[in-house]
Protein chains: 2
Amino acid sequence: MYSIYESTEKSNCSVCKDKSCAVSVLNEKQLGLLNNNSREIEIKKGEIILRSGILNSHIIYLKKGYVKEFIVGLNKKIKILQIIKQRSYMGLHSLFGDKINHYSYTALEDLKICYIDINVFKKLVKENGDFAYELLVYVCKDSLNNFYRLINQSQKNTNGRFADVILYLSENICNSQHFELPLTRQELSELIGISRENTARVISKFK
Amino acid sequence: MYSIYESTEKSNCSVCKDKSCAVSVLNEKQLGLLNNNSREIEIKKGEIILRSGILNSHIIYLKKGYVKEFIVGLNKKIKILQIIKQRSYMGLHSLFGDKINHYSYTALEDLKICYIDINVFKKLVKENGDFAYELLVYVCKDSLNNFYRLINQSQKNTNGRFADVILYLSENICNSQHFELPLTRQELSELIGISRENTARVISKFK
DNA sequence: ATCTGATTGTGATATATGACACATTTTTTA
DNA sequence: TAAAAAATGTGTCATATATCACAATCAGAT
């Protein structure tokens, strides 16, 4: 009767090498609570992890891989807000800021993620100020970074925006000058905020 | 020898009618600590309250009045991120997300504000999880709202953006269908993200 | 009250960029 | 391997909007 659970590789938060900064400040008892209320899952490239508009039920921690955070705007036009890399949370802003989730998340490659029950997460915030502090740091950094990029986009032309995104991917996401991200030209244009055709033109110009 | 302190009207956080949601969950001892490390000040219309780029030393709580949050971008082009109304914090994102302050704040009218020492603020976060939780809610709501507006702006044309901003001011800031904000056309255009001339054109068209 | 400077409105113009159409290349499927 | 589908590149064109120039209006100071 335990076969279902045994078939899933049960992770252990206490010994996890990929803990977030916030989870690192939890004590053993709190880690145990987290462990009993989270589950590690593997996701295939292209799968939607979390959809905007649904009620918040779980917070998702990205243990390994790249994810795109996006919204579907007017005329079903997609705007990619950011590329999320390993050791990041998905849906934190929505968890604390609203009842429903605001952004959608899709796997850019095969992933390892952890689903965490939101009530346990909130309980930990309220009983451990250091944990809450680290989360505050996390969401504020996330906000500042994304705002910075969005505002830059609103003030630059095609070339500048393209260059900014390349720099962003190189320095903030891949941490390498030579990188390869599983992004189509279409997705790149949705991240830059220009048309697909113009993305192609800028690329051929830069080469 | 107490004349300096006596000359300033010393506020009392415990009995303050304009407490933030976060401060409302502090206990008497914590309110006392806050009280001893904050100071209420009056600001005249047009004054700069806080400048981007400087080291964070105080968090500022807006007790009364309207403030514009902005950054000076490329070619000294100003982008107004949002209009801040009473019972809001200034610089929270920067406090937790970085060492330096990211946005500038100017009084749109005569204000009452409270300067709060950042170390005391951080201490309260760490020792009171409920306080931290309320701050998380605050910064996340702020992020979601501002992102929503910025992304909308990036996907709409002049008319739509103008209409959005009018709605935003009416519903979110003034909470009234007939409102008058001390915003110049120039500032309105910096909030909408279009040129001053086009703002004038849209206004005459709508009338 | 009058002058001066700031703010605002309006017309003409240049241009960056989206949109369309279609060619080419790459990837997936059978 | 061939065929189909998806992704990408390129040329042309329409248009929304920034910019400039200047007129008109408003506000503050003397």
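Note that the structure is predicted; figures quoted are calculated from it, not measured. Below, chains carry the letters A, B, ... as their sequence lines are ordered, and counting in each starts from 1.
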* Asked: Does a donor on one side chain and an acceptor on the other come within less than 3.5 Å for A/S20 and A/Y61?
  -> no
* For the residue pair A/I100 and A/H102, establish whether any side-chain heavy-atom pair is separated by less than 4.5 Å. => yes
* Check the distance between D/dT8's P and A/E190's CD and give it to me in whole angstrom. => 11 Å
* Indicate whether OP1 or OP2 belonging to C/dT8 is found under 4.0 Å from a side-chain N or O atom of B/R196. => no
* Can you check whether A/D142's main-chain N or O pairs, donor with acceptor, with A/N146's side chain at less than 3.5 Å? -> yes
* Asked: To the nearest angstrom, how far is A/K205 atom NZ from D/dT10 atom P?
  -> 13 Å
* To do: Using a cut-off of 6.0 Å, state whether more than 12 heavy atoms not belonging to A/K19 lie near its atom NZ.
  => yes
Interface polar pairs with nucleotides 16-19 of chain C, N/O, under 3.5 angstrom:
from: C/dT17; atom 1: OP1; to: A/T158; atom 2: N; distance (Å): 2.8
from: C/dT17; atom 1: OP1; to: A/T158; atom 2: OG1; distance (Å): 3.2
from: C/dT17; atom 1: OP2; to: A/T158; atom 2: OG1; distance (Å): 3.0
from: C/dT17; atom 1: O5'; to: A/T158; atom 2: OG1; distance (Å): 3.1
from: C/dG18; atom 1: OP2; to: A/S195; atom 2: N; distance (Å): 3.4
from: C/dG18; atom 1: OP2; to: A/S195; atom 2: OG; distance (Å): 3.1
from: C/dG18; atom 1: OP2; to: A/N198; atom 2: ND2; distance (Å): 2.4
from: C/dA19; atom 1: N6; to: A/R201; atom 2: NH2; distance (Å): 3.1

Provide a list of protein-nucleic acid N or O atom pairs under 3.5 angstrom, restricted to nucleotides 24-28 of chain D.
none

* Would you check if there is a donor-acceptor pair between the side chains of B/K85 and B/N172 at a distance under 3.5 Å? => no
* Is a donor on one side and an acceptor on the other found under 3.5 Å between the side chain of A/Y138 and the backbone of A/Y89? -> yes
* Would a line drawn from the ring center of A/F162 to the ring center of A/F206 be shorter than 6.0 Å? -> yes
* Asked: OP1 or OP2 of D/dT10 less than 4.0 angstrom from a side-chain nitrogen or oxygen of A/S204, does that happen here?
  -> yes
* To do: Would you please indicate yes or no on a ring centroid separation below 6.0 angstrom for A/F147 and B/F147?
  => yes
* Whole-Å gap separating P (C/dG9) and CZ (B/F206) -> 15 Å
* Examine A/Y105 together with A/F70 and report whether their ring centres are nearer than 6.0 Å. => no
* Asked: Looking at A/F131 versus A/F121, is the centre-to-centre ring distance below 6.0 Å?
  -> yes
* Please report the closest heavy-atom contact between A/I49 and A/V67, naming both atoms and the distance. => CD1-CG2, 3.6 Å
* To do: Could you encode protein contacts along nucleotides 24-30 of chain C as a string, one character per nucleotide from 5' to 3', using B for base contact, S for sugar-phosphate-only contact and - for no contact, with a heavy-atom cut-off of under 4.0 Å?
  => -------
* **Separation of atom CD in B/E187 from atom P in C/dA6, rounded to whole Å** => 16 Å
* To do: Could you tell me the separation between the NZ atom of B/K79 and the C1' atom of D/dA18, rounded to a whole number of Å?
  => 15 Å
